[in-house]
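Lettering of chains follows the sequences in order, A, B, ..., and the numbering in each one begins at 1. In this text the structure is predicted, and so the values were computed from the model without any measurement.
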Amino acid sequence: MSSNTTNERTTGESTSETEGLSDDTIIETDISVGPDSSRTTGRPNTIVSADSLDVYYGDDRALSDVTIEIPEHRVTAMIGPSGCGKSTFLRSINRMNDRIPSAHVDGALSFRGKNVYDEDVDPVALRRKIGQVFQSPNPFPKSIYDNVAYGLRVQGKADDVDLDDAVERALRGAALWDEVKDQLDESGLDLSGGQQQRLCIARAIATDPEVILMDEPTSALDPVAASKIEDLIDELVEKYTVIIVTHNMQQAARISDKTAVFLTGGELVEFDDTARIFENPDDDRVEDYITGKFG
Amino acid sequence: MSTEPQSGPGISGDDSLEAAHERNRRIRRLLFGCAAVTVVTTVAIFLVLFDNAASYFFGARISEMLFAGEAVERTVSFVEFFTGTRWAPAHATPAHGVLPIVWGTLAITIGAGLVSIPIGTATALYLSEYASTGTRNKLKPILEVLAGIPTIVYGYFAISFVTPILVDGIATDILNPIGSGLDSISHLAPVLLEPVSAWMLGASVGRYSMLAGIVVVGTMTIPMVSSISEDAMQAVPDDLRNGAYALGATKYQVSTRIVLPAAVSGIFASYILALSRAIGETMAVTLAAGFNPTLTVNPFDEIMTMTAYLVSMARGTSAVGTVEYQSLFAVGLLLFLLTLTMNLLNDRLKQRFQEEYR
């Protein structure tokens, strides 16, 4: 690993924000108080960081000694060949890896300075702060409205907010409102693939998480639909932190501020500003991978 | 001729291909024949039932009336059959009201459903959503063994265990003491308490009871509900669960708000199958619930189901051609129509609740 970002953590923010992760306060809504930093000026805070993180599936090591600090309100792209562990890293952040019985984690993975694998962290509370969009669109077999409202309902927030208003805001945030406002009662499965994926994004942002994880969100979509999602990511990052896994290097170059390159063996080879990764990487293997000589 | 170019070289048929086609046709006829056997059998059973049932109401079979010129005479009226409340075709003073044995079948079916549907669904939900893979792989075969036990064994289980220990225990150890307790305070609200305490004090069990039938048939249909429901839940794509978990849903919320609704068509199908099984169940229910056609809601009373009546008649004590012999076919036809209705209901439900996920 060459040049990590060297931002200081804002410890004051960290402690107050991470209290919401403990079991007793899972219905917390004070998310909007996070520091607001412009994408181009100032030093962003670190929101997700890993320190010597290893992840195993049984005896197979999927991630090896990963250390990284991911900045807030930025798009961070994870690229690398298949099987390099980038998706595993993503699933470790919101502990979706817990669903795989053989998964096992060593080292620290922190959200706002709090190790999410600490005993007192409730993965359900964690996932209410960190949303996820999956590779293939997976709307629930429910109406468009109920899809977007689902998160608010399961998180017990549906009674505290104007649900109609929250659904509209989320759909607008996902650039889907104008297309579906007259068919909110129809099944989410009746939408096109690209619309379904934007519905899944609306579903994720309806509960106002702090981080949105995206696991190859455009790989199942046609180029036009994919480009709409890319535009959307550009807007989302004003309110959220986006961490995106992608196989598409042009996409990473287009949309991300930071790029992490994983190579086979689950090793994080280089993490830097996207421009630097694509123009002048330190590591020869990264250059080979990006120019297509490897992977 | 010889200079003319051959058209479409090699794509005309020849003898060896023709032989292959002939084999194909023979296989096709054989497979069709096998499929036809079941269809013909079903139609034949229905016709025989219908034909013989007619003699119960009209004194002669339809075939006899049509081809042998038998006179139509009304023996049993439809009004008596469908509205009468006493069923005793073989009695010295016969009565032909089918309601008591229809009620017996319905009581067992509803009661068994109240046992098997909640327990079976909960079992399926546990196996599909909560149990680890190892636990599921151990438990599922055990449940399927339960489904494979012959029903006569369940019948002996009813006689030797359910009735003496469970049902009699409820009556004498629970209801009778409560009844005597209520009796001592019944002067406080005589209108309300006296009938209740009298019923509880009088609760006793003979060899057969509705409750024993319900317990046994309910138990034997649990695996049907749990196994088919679990298959339906397992078929719900994991993508949907992941989507819900990623939104911070708990396991219970994922189970009840994502998996259950998505699997609802398969789950309902399992209910209908279990109820059909309860309607048609014969051996266990005969040994548990008994032979006394009674219109009663008291679970400790002996009742008779339609199937139990068929068993008692089929023992062969009634002569061919007598009214009680013919009643066998009338009841059989009714039972057939009942299960047919359940099957049609199942098909309708399947269409109504198509699996919505892709």
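- Along residues 133-140 of chain A, the residues that come nearer than 4.5 angstrom to chain B, judged on non-hydrogen atoms, are A/Phe134, A/Ser136, A/Asn138, A/Pro139, A/Phe140 in order of number.
- Remark: B/Asn242 CG to A/Gln132 CD distance equals 7.5 Å, nearest 0.5 Å.
- Minimum interatomic distance between A/Arg128 and B/Thr250 (heavy atoms only, all atoms of both residues): NH2-CG2, 4.5 Å.
- Of the inter-residue distances, the one linking A/Arg127 atom CZ with B/Tyr245 atom OH reads 8.0 Å to the nearest 0.5 angstrom.
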Anything under 3.5 Å between a donor and an acceptor, one on a side chain of residues 105-124 of chain B, the other on a protein residue two or more places apart or in another chain? List them.
| unit_1 | atom_1 | unit_2 | atom_2 | d |
| --- | --- | --- | --- | --- |
| B/Thr105 | OG1 | B/Ile101 | O | 3.4 |
| B/Thr105 | OG1 | B/Met306 | N | 2.9 |
| B/Thr109 | OG1 | B/Thr105 | O | 2.7 |
| B/Ser116 | OG | B/Ala112 | O | 3.1 |
| B/Ser116 | OG | B/Thr221 | OG1 | 3.3 |
| B/Thr121 | OG1 | B/Ile117 | O | 2.5 |
| B/Thr121 | OG1 | B/Tyr271 | OH | 2.7 |
| B/Thr123 | OG1 | B/Ile119 | O | 2.6 |

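- When the shell of 6.0 Å around OH of B/Tyr156 is examined, it contains 12 or fewer heavy atoms from other residues, nucleotides or ligands.
- B/Gln253 contributes a side-chain N or O that, together with a main-chain N or O of A/Val154, makes up a donor-acceptor pair within less than 3.5 Å.
- Counting non-hydrogen atoms of other residues, nucleotides and ligands closer than 6.0 Å to NZ of A/Lys239 gives a total of 12 or fewer.
- The closest side-chain heavy-atom distance from B/Lys251 to A/Val124 is not below 4.5 Å.
- In plain terms, the two heavy atoms of A/Pro141 and B/Leu240 that are nearest each other are CD-CD1, 3.7 Å.
- Using a 4.5 Å cut-off between heavy atoms, A/Leu152 makes no contact with chain B at all.
- For A/Asp59, the CG atom is loosely surrounded, since the number of other residues' heavy atoms within 6.0 Å does not exceed 12.
- For A/Arg95, no part lies near chain B; criterion is any non-hydrogen pair under 4.5 Å.
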